[in-house]
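Chain A is the first sequence line, chain B the second, and so forth, proteins listed ahead of strands; every chain is numbered from 1. These numbers were taken from a predicted model, which means no experiment stands behind them.
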Amino acid sequence: MAESARDPLVIAGREFHSRLIVGTSRYPDPHVMLEALAATGTELVTVAVRRVSLTDGSKESFIAMLRGKYSILPNTAGCYTAKEAVLTAQLAREALDTNWVKLEVIGDQETLFPDVPELLKAAEELLADGFVVLPYCNDDPITCRKLSDMGCAAVMPLGAPIGSGMGIRNPYNLRIIREQCSVPMIIDAGVGTASDVAVAMELGVDGVLLNTAIAQAKHPVQMATAMRLAADAGRLAYHAGRIPRRLYATASSPEDGLIGHTD
Amino acid sequence: MAESARDPLVIAGREFHSRLIVGTSRYPDPHVMLEALAATGTELVTVAVRRVSLTDGSKESFIAMLRGKYSILPNTAGCYTAKEAVLTAQLAREALDTNWVKLEVIGDQETLFPDVPELLKAAEELLADGFVVLPYCNDDPITCRKLSDMGCAAVMPLGAPIGSGMGIRNPYNLRIIREQCSVPMIIDAGVGTASDVAVAMELGVDGVLLNTAIAQAKHPVQMATAMRLAADAGRLAYHAGRIPRRLYATASSPEDGLIGHTD
Amino acid sequence: MAESARDPLVIAGREFHSRLIVGTSRYPDPHVMLEALAATGTELVTVAVRRVSLTDGSKESFIAMLRGKYSILPNTAGCYTAKEAVLTAQLAREALDTNWVKLEVIGDQETLFPDVPELLKAAEELLADGFVVLPYCNDDPITCRKLSDMGCAAVMPLGAPIGSGMGIRNPYNLRIIREQCSVPMIIDAGVGTASDVAVAMELGVDGVLLNTAIAQAKHPVQMATAMRLAADAGRLAYHAGRIPRRLYATASSPEDGLIGHTD
Amino acid sequence: MAESARDPLVIAGREFHSRLIVGTSRYPDPHVMLEALAATGTELVTVAVRRVSLTDGSKESFIAMLRGKYSILPNTAGCYTAKEAVLTAQLAREALDTNWVKLEVIGDQETLFPDVPELLKAAEELLADGFVVLPYCNDDPITCRKLSDMGCAAVMPLGAPIGSGMGIRNPYNLRIIREQCSVPMIIDAGVGTASDVAVAMELGVDGVLLNTAIAQAKHPVQMATAMRLAADAGRLAYHAGRIPRRLYATASSPEDGLIGHTD
Amino acid sequence: MNITFNGNPTHLHEGTTLGGFLREHQITDKTDGVAVAVNDAVVPRRQWADVHLRDGDTIEVIHAVQGG
Amino acid sequence: MNITFNGNPTHLHEGTTLGGFLREHQITDKTDGVAVAVNDAVVPRRQWADVHLRDGDTIEVIHAVQGG
Amino acid sequence: MNITFNGNPTHLHEGTTLGGFLREHQITDKTDGVAVAVNDAVVPRRQWADVHLRDGDTIEVIHAVQGG
Amino acid sequence: MNITFNGNPTHLHEGTTLGGFLREHQITDKTDGVAVAVNDAVVPRRQWADVHLRDGDTIEVIHAVQGG
């Protein structure tokens with residue numbers, strides 16, 4: 001899309017020509033995953049790191065599919081403490097030759113909401129260790145400000161819980177964060193369908209990170225395309241300057257020269 | 001967009017490769033109007049008919065700009081009675097060589113809400129007179145069913161009042177109409193920004209008619225492009241089959257093989 | 001409630017000290033119905049009229065329960081045409097010695113949305129025949145204005161479909177109707193719980209008609225009390241003049257004299 | 001209200017017969033404040049502590065108005081750090097002979113959102129020092145669980161920013177907190193009008209803390225009464241068991257025995 | 001003669017009055033909450049005794065029931 | 001004679017045809033996007049020349065304009 | 001000696017007690033709703049008389065005010 | 001000696017190096033997308049050969065998998 005290309009997403013000095021960051025999890029199969037990733041137009045995809053299993057032979061196949069095609073953003077999904085998250089990030093850096101990390105420190109297995117103090121602690125340690133930190137966080141203006149003040153490359157508040165598909169539950173907090181936050185703001189988690197992405201972009205956020213909404217859709221590749229279009233649509237609409245909301249109508253056809261009225 | 005091209009909008013046997021019908025009113029100038037119309041990708045644009053003014057010389061210039069480029073859909077904007085609307089439609093047919101009409105019979109200058117009985121009466125007469133009738137109506141399932149039963153080529157319930165920019169105020173009624181209605185369903189009026197179009201399309205409607213949201217945006221051409229992308233995004237997402245909404249999270253990274261946990 | 005008593009609901013010159021009109025249908029049993037009606041504080045209850053059955057002996061028992069305790073508002077539920085509705089209203093008047101009628105002319109068995117032209121026709125005929133007409137209608141400002149202009153004693157737009165429990169789906173249209181409408185405005189249908197009644201009253205409507213939300217609640221009498229309190233709360237709040245909405249905070253504790261700050 | 005009296009709010013073993021905690025700030029004058037507090041039916045009111053001013057003589061007048069009538073809940077409003085909050089709470093305990101404290105540790109002058117790590121630290125220290133801690137916090141399930149696990153007497157997530165009057169912005173998070181949280185849950189801040197209180201109570205929360213919505217209403221005493229009624233209404237409705245939401249209608253009048261239909 | 005009563009075909013003896021017919025169904029002009037229409041026109045209760053039913057008449061007899 | 005043209009009272013010479021009247025306003029049957037009604041009935045352009053206007057006639061001449 | 005009282009630099013005579021200082025501001029151990037901290041530690045009112053202020057002390061004296 | 005490998009107790013011969021241990025699981029310093037920590041400290045792949053495992057060591061070997 002010409003228009004959006006003129007307006008790249010810049011994180012830590014790196015330019016991306018898509019405003020979507022896309023996860024690699026929960027697709028019906030790797031082939032569909034690759035097709036869907038391509039359809040989104042993304043340049044940055046998230047991966048998790050896990051213990052190699054003793055039984056399963058191939059240790060390389062998964063990452064090999066992505067190498068060359070995409071920049072890799074390892075996450076620290078499943079970590080409950082700063083200590084776990086820092087070690088996971090360091091292992092990911094070693095394994096994947098990247099100092100970028102999607103920092104996830106959760107407090108609860110069920111809801112996957114972040115643990116704020118552990119998240120802040122982990123962010124501080126990883127920044128000190130030279131990482132480019134993209135933290136997944138609550139839609140909490142104070143935590144977002146702290147993360148950006150300490151030097152995180154972006155803040156990534158959730159639109160709704162991971163995998164909920166509830167969309168943007170609290171646009172008000174996101175607007176406050178947008179007002180106060182100088183670093184790029186990415187909506188991470190909550191997207192259920194294309195319009196959620198458009199709504200997020202129209203709030204003025206810089207990008208959207210999503211996974212389940214594509215991977216678990218009935219037709220992931222088609223949904224992936226929808227997400228790409230919705231991100232462009234929302235970004236363009238944000239820049240285009242929408243009309244104000246009014247309780248009611250103002251005629252869009254001229255009101256003079258009507259037929260059958262005596263002047 | 002390949003995907004959406006495979007799924008044309010068919011009204012009265014005619015195929016359209018865009019799901020947007022766009023108005024020609026309230027643009028900063030004709031040049032911007034033409035650029036914006038082109039950017040939407042629409043093939044069908046609405047015009048009003050008004051008395052020629054004695055003073056102003058040119059009677060042809062406006063329509064000449066559209067001829068050849070777009071199919072013309074004259075409206076009966078400003079009519080309060082079936083009688084006015086029928087005569088206006090007949091004059092439009094004679095002037096513009098089309099038997100298509102966007103039937104608008106309003107009950108109120110301020111809100112521009114439809115007058116239901118006059119609308120139904122006008123629709124009946126125009127259908128009898130061989131018109132292809134696209135009626136602007138309330139989000140009222142009964143009126144929509146009557147209009148489609150009597151042979152209207154589409155029903156066009158409002159998403160919100162004309163020019164309000166309030167988007168889709170009552171998705172519930174629209175879902176009921178969608179369930180019950182066999183003819184094409186177009187959301188007419190209310191759109192304020194791109195995500196409104198995506199939301200409408202995700203409800204399963206066949207198209208969206210809009211004007212003010214583009215014409216009065218700060219940058220009409222950019223908003224026009226956003227609307228085109230949003231319509232494609234919403235249509236694709238509708239077909240792609242969104243994930244269900246859940247109160248909370250389901251992990252999108254695998255939950256086994258986590259680091260530092262003893263199996 | 002002292003405050004609300006000072007502000008009675010006046011319909012057709014008659015004063016009511018409750019702003020709730022309550023239906024008599026779908027309660028677990030007549031005893032619960034009577035307890036629930038009493039708990040709402042209502043003075044006006046709706047009944048339907050139906051053919052006496054040949055088999056069932058008692059023709060009087062039901063109405064006898066209400067006589068003396070409540071003013072009776074017969075409805076024309078189940079009527080699809082003006083003709084049916086008018087005859088039903090006339091029979092109700094003869095049977096119940098009241099010229100008041102809740103006029104219901106529906107267009108659809110499933111959704112129970114009104115049929116606008118038949119409703120308007122029936123209202124006109126009943127007004128000419130001396131009825132006090134309270135019409136159940138769409139949240140359509142034009143139809144509401146016509147009904148009030150022709151002399152209906154109130155307009156009763158739906159908040160949501162009958163029995164849906166969806167609450168106030170489109171507060172915007174209701175606000176427009178409130179602005180334009182001089183006769184009492186009653187929200188008829190859609191209420192699911194107490195806050196729906198409070199929300200409706202805070203919009204400035206004059207009353208709420210409800211039935212299923214009480215009768216089908218797990219504990220109808222408790223819900224009936226909740227509805228009474230919610231109506232009073234909403235009415236009072238409407239008159240009390242709420243604070244404006246702001247995107248964010250203004251401190252509610254003084255910001256000077258804080259401890260540990262050097263002045 | 002008989003019903004709600006049967007169901008007292010219990011915090012730290014103390015019974016309250018009102019589910020509202022009310023602030024004492026921003027009323028037009030002390031007389032209106034006292035009338036409004038009485039009208040809410042509350043038994044627990046919040047106060048701030050501030051430096052005595054050298055100029056103003058009376059140090060006792062304000063607290064004297066409340067003594068005897070209400071239990072006092074001092075807050076730590078305006079504190080940005082655990083250290084400030086702890087000292088403020090200790091001074092309040094000494095000044096007001098209560099070990100109860102509404103713990104407020106904010107991160108931002110403008111939005112007054114809480115600072116999560118400082119809040120948790122302060123809560124821990126105050127609990128260790130024997131305080132009954134009622135923390136004002138985000139609608140963050142993890143932070144609420146930590147606060148309740150460490151022994152806070154209640155959790156008090158915000159419905160919307162202090163003084164915003166935006167009501168319950170994110171009912172989803174509040175539902176999750178309600179599911180997970182064993183201690184009393186009080187909605188603190190955000191209420192704008194009576195229906196907001198009803199909505200909160202219908203979510204199953206145990207109480208609501210409010211101030212600006214009453215104090216800054218056009219008619220504070222009337223709004224105070226509305227809030228009392230709304231709290232009772234919402235609590236009753238929660239216990240009464242609302243009907244499920246449906247997309248559309250189910251008739252509330254019997255569908256057999258209709259007139260003019262041949263059986 | 002044959003009439004329709006609340007939608008059901010019914011046989012009556014010649015010369016039956018409306019009042020007489022209703023009494024058979026335990027309805028008198030004292031019965032509260034009941035109304036009658038013959039051929040879509042309401043017949044006030046004080047006239048029931050005087051109305052002679054004719055072959056083909058359609059009679060509706062209604063009462064109040066629970067309603068919303 | 002006097003007619004009403006687009007809501008304005010207008011004086012015409014006896015025997016003016018619709019076609020003649022329109023020509024005075026630079027409208028011919030070649031003019032695109034224009035239509036005419038006399039006394040609320042549309043007059044196809046091919047008939048303009050033959051229609052003789054009468055005293056009291058109401059003439060509407062319309063064209064397409066921007067609309068939504 | 002110099003102290004800080006509620007954020008303001010203040011000069012006191014040597015040997016002033018906390019109780020004495022407070023009395024100058026009409027605060028006695030009978031004054032309801034007031035509390036005092038010296039150098040960030042609360043001083044219970046029964047100890048006010050015994051506390052001798054030192055140069056550089058920071059004194060906070062607070063009372064309850066309207067709050068939300 | 002006994003170590004813990006990815007959470008599982010494992011027996012090794014004395015003097016096993018990290019590199020040697022990994023080779024047994026088809027992991028060499030050429031294997032892409034793999035990383036190793038011993039006792040919670042990452043060991044760069046170029047050092048694998050030189051690290052002698054000790055009794056009680058905890059070894060984590062990870063690779064990239066699908067993630068969101």
Side-chain angles (χ1 to χ4, degrees), chain A residues 3 23 25-26 48 50-51 53 75 77-78 84 87-88 91 110-112 161-166 192-195 198-199 202 211-213 216-219 222-223 225-226 229-230 232-234 236-237 239-255 257-260, chain B residues 3 23 25-26 48 50-51 53 75 77-78 84 87-88 91 110-112 161-166 192-195 198-199 202 211-213 216-219 222-223 225-226 229-230 232-234 236-237 239-255 257-260:
Chain A
E3 288 82 348
S25 185
R26 311 184 71 198
R50 291 289 181 269
R51 289 165 165 171
S53 94
N75 69 32
E84 286 169 27
L87 177 58
T88 301
L91 283 163
E110 275 177 19
T111 64
L112 303 176
I162 294 172
S164 68
M166 293 290 287
T193 183
S195 56
V199 166
E202 286 170 353
N211 185 339
T212 307
Q216 297 280 299
K218 260 199 207 56
H219 306 293
Q222 215 168 352
M223 187 58 89
T225 306
L229 295 166
D232 288 338
L236 273 168
H239 283 315
R242 62 157 294 152
I243 57 173
R245 288 182 179 78
R246 291 192 193 77
L247 179 57
Y248 49 78
T250 45
S252 63
S253 295
E255 283 163 47
L258 289 166
I259 295 156
Chain B
E3 289 82 347
S25 185
R26 312 183 70 196
R50 291 290 182 268
R51 288 163 165 172
S53 91
N75 70 30
E84 286 169 27
L87 176 57
T88 301
L91 283 163
E110 275 177 19
T111 64
L112 302 176
I162 294 172
S164 68
M166 294 290 287
T193 182
S195 56
V199 166
E202 287 170 353
N211 184 340
T212 307
Q216 297 281 300
K218 260 200 206 57
H219 305 293
Q222 215 168 351
M223 187 59 88
T225 307
L229 295 167
D232 287 339
L236 274 168
H239 283 314
R242 63 157 293 151
I243 57 172
R245 289 180 178 81
R246 291 194 193 75
L247 179 56
Y248 49 78
T250 46
S252 63
S253 296
E255 284 162 47
L258 288 166
I259 295 157

Side chain / backbone / both / neither for B/Gln216 at chain A, heavy atoms under 4.5 Å: both
Between B/His239, B/Glu202, B/Met166, the one whose heavy-atom pairs under 4.5 Å with chain A are most numerous: B/Glu202
Choice from B/Ala198, B/Gly241, B/Ala194, B/Ser195 maximising heavy atom contacts with chain A below 4.5 Å: B/Ser195
Check: B/Arg246 side chain, A/Pro161 main-chain N or O, donor-acceptor pair, under 3.5 Å: no
Polar side-chain atom of B/Arg245 near backbone of A/Gly192 as donor-acceptor pair, under 3.5 Å: no
Minimal non-hydrogen separation, A/Ile243 against B/Gly163, with atom names: CD1-O, 4.5 Å
CD on B/Glu110 to CG on A/Leu247, rounded to 0.5 Å: 10.5 Å
Closest approach of B/Ala240 to A/Met223 (non-hydrogen atoms, all atoms of both residues): CB-N, 3.6 Å
Residue among A/Ala213, A/Ala233, A/Ala230, A/Gly23 with most heavy-atom pairs under 4.5 Å to chain B: A/Ala233
